[in-house]
Colleague: 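Here it is: the structure, laid out below.
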Amino acid sequence: MGTEVSTSPTSLIDQTVVPGDVVLDLSNMTNQTIKLGSGLFQDNDAISAMRAGKLRYTKPNKYWVESSHKRYIPRPEDAVLGIVVDSKSDNFWVDIKGPQLALLPVLAFEGGTRRNIPKFEVGTLLYVRVVKTNTGMNPELSCTDASGKAAGFGPLKDGFMFETSTGLSRMLLSSPTCPVLEALGKKLSFETAFGLNGRVWVHAAAPRVVIIVANALMNSETLSGTQQRIMVEKLLEKISE
């Protein structure tokens, strides 16, 4: 067992930090191996923030600063929610909230052949994977995982899509399941898809469940885990009245 971490570093987890803030003091954290993620740098025993954002932590000992952006920069293997804006003979043009439209080849589906090309109308919402990104070129997408299986990728029918920051999308996709999703899932039945590009899709049989889930997710970004659970309890109390 490592020694107990002093109260100062743990108290900053999930709090907003700015460049220059000392977020960890290693002199209080003997016998522990710390992994530093993006947005942090080490100067002797002091770990400081290099950018504004929230200090995040995952077990056993990884810390990083998560910045929230409305703008999305595509990266290979990102799962994103895209909207079809045009279709050509070889590709669909898809808006993924990036600097450029992305291309989804008509054969980039499980078992895709010229004889079974899907037909997507303009406005169709797709759950897709970013395959390639090259500077100055349109990103390429696929509706399969790396092994060619559909794996949940493809059109998302019905439901409600809303836009969020990229930071909230990352939080909702994090493992273990974030508290807001865990709390909602215990009481309500619904489906979700989260895109790292700051788009969220929610589907449920009852429209009011969609509204509750969407509101809870949108409200959760600035809340700690405990606050997220309390917020969900209050929302659920309102509908049971």
Side-chain angles (χ1 to χ4, degrees), residues 13-17 37-39 52-59 64-75 77-84 94-98 123-130 151-241:
I13 290 167
D14 294 332
Q15 300 300 309
T16 300
V17 294
S38 57
K54 285 198 174 170
L55 181 66
R56 298 296 193 193
Y57 164 79
T58 55
K59 293 178 179 175
W64 75 99
V65 176
E66 182 176 276
S67 300
S68 223
H69 302 289
K70 290 283 185 191
R71 187 157 169 262
Y72 166 66
I73 305 300
R75 292 184 180 86
E77 297 308 317
D78 279 1
V80 296
L81 296 183
I83 298 166
V84 176
V94 183
D95 164 28
I96 58 168
K97 268 178 86 173
T124 300
L125 184 65
L126 299 172
Y127 190 45
V128 288
R129 179 174 65 93
V130 178
F153 293 110
L156 297 169
K157 295 183 176 68
D158 305 320
F160 170 60
M161 192 274 286
F162 59 95
E163 311 241 333
T164 70
S165 68
T166 56
L168 177 57
S169 292
R170 275 199 298 272
M171 182 185 92
L172 295 170
L173 279 163
S174 63
S175 180
T177 306
C178 71
V180 65
L181 281 171
E182 197 176 6
L184 287 165
K186 282 179 180 167
K187 295 282 164 52
L188 302 171
S189 178
F190 59 93
E191 290 177 89
T192 52
F194 306 119
L196 283 167
N197 56 336
R199 281 186 179 142
V200 173
W201 174 81
V202 180
H203 179 258
R208 69 177 189 159
V209 172
V210 173
I211 293 164
I212 291 160
V213 172
N215 279 328
L217 299 182
M218 284 189 265
N219 292 340
S220 66
E221 182 164 15
T222 56
L223 304 179
S224 69
T226 306
Q227 290 169 326
Q228 287 177 25
R229 289 189 183 92
I230 293 165
M231 180 257 304
V232 169
E233 276 171 29
K234 285 183 177 163
L235 277 172
L236 294 174
E237 274 168 19
K238 279 183 189 167
I239 59 159
S240 60
E241 284 167 4

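Start at 1 with the first residue, then count along the sequence. Quick note: numbers below take in every heavy atom, side chains included, and nothing from hydrogens, waters or symmetry partners.
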Colleague: Show the nearest heavy-atom pair for residues V128 and G82, with the distance to one decimal.
Modeller: CG2-N, 4.4 Å

Colleague: Determine whether a donor-acceptor pair (N or O, by modelled atom type, separation under 3.5 Å) exists between the side chain of K97 and the backbone of G198.
Modeller: yes

Colleague: Does a side-chain heavy-atom distance below 4.5 Å link Q15 with L55?
Modeller: no

Colleague: Is there side-chain contact between L156 and M161, with at least one heavy-atom pair below 4.5 Å?
Modeller: no

Colleague: Measuring only between side-chain heavy atoms, which start at C-beta, is V209 closer than 4.5 Å to V202?
Modeller: no

Colleague: Taking the side chain as everything from C-beta on, heavy atoms only, tell me whether P74 gets closer than 4.5 Å to V80.
Modeller: no

Colleague: Please give me the minimum heavy-atom distance between I212 and L235, naming the atom from each residue.
Modeller: O-CD1, 4.0 Å

Colleague: With sequence neighbours left out, write down each residue that passes side chain to side chain contact (heavy atoms under 4.5 Å, CB included) with S175, or none if nothing qualifies.
Modeller: none

Colleague: Is the closest side-chain donor-acceptor distance between E221 and T164 under 3.5 Å?
Modeller: no

Colleague: Which heavy atom of M171 sits nearest to which heavy atom of C178, and what is that distance?
Modeller: O-CB, 3.8 Å

Colleague: Could you tell me which non-hydrogen atom of L168 sits nearest to which non-hydrogen atom of L217, and how far apart they are?
Modeller: CD2-O, 3.4 Å

Colleague: To the nearest 0.5 Å, what is the distance between OH (Y57) and CH2 (W64)?
Modeller: 10.5 Å

Colleague: Would you call R56-D14 a salt bridge at under 4.0 Å N-O?
Modeller: yes

Colleague: Considering non-hydrogen atoms only, spot the tightest contact between Y72 and I96 and give its length.
Modeller: CD2-O, 3.4 Å

Colleague: Show every donor-acceptor pair shorter than 3.5 Å between a side-chain atom in residues 181-193 and any protein atom, with sequence neighbours excluded, or say none if there are none.
Modeller:
from	atom 1	to	atom 2	distance (Å)
E191	OE2	H203	ND1	3.1

Colleague: Give the C-alpha distance, both sets of side-chain angles, the deciding distance and a yes or no for side-chain contact (heavy atoms from CB on, under 4.5 Å) between D95 and R199.
Modeller: CA-CA 11 Å; D95 164 28; R199 281 186 179 142; 2.9 Å; yes

Colleague: Taking the side chain from S169 and the backbone from N197, do they hold a donor-acceptor pair closer than 3.5 Å?
Modeller: no

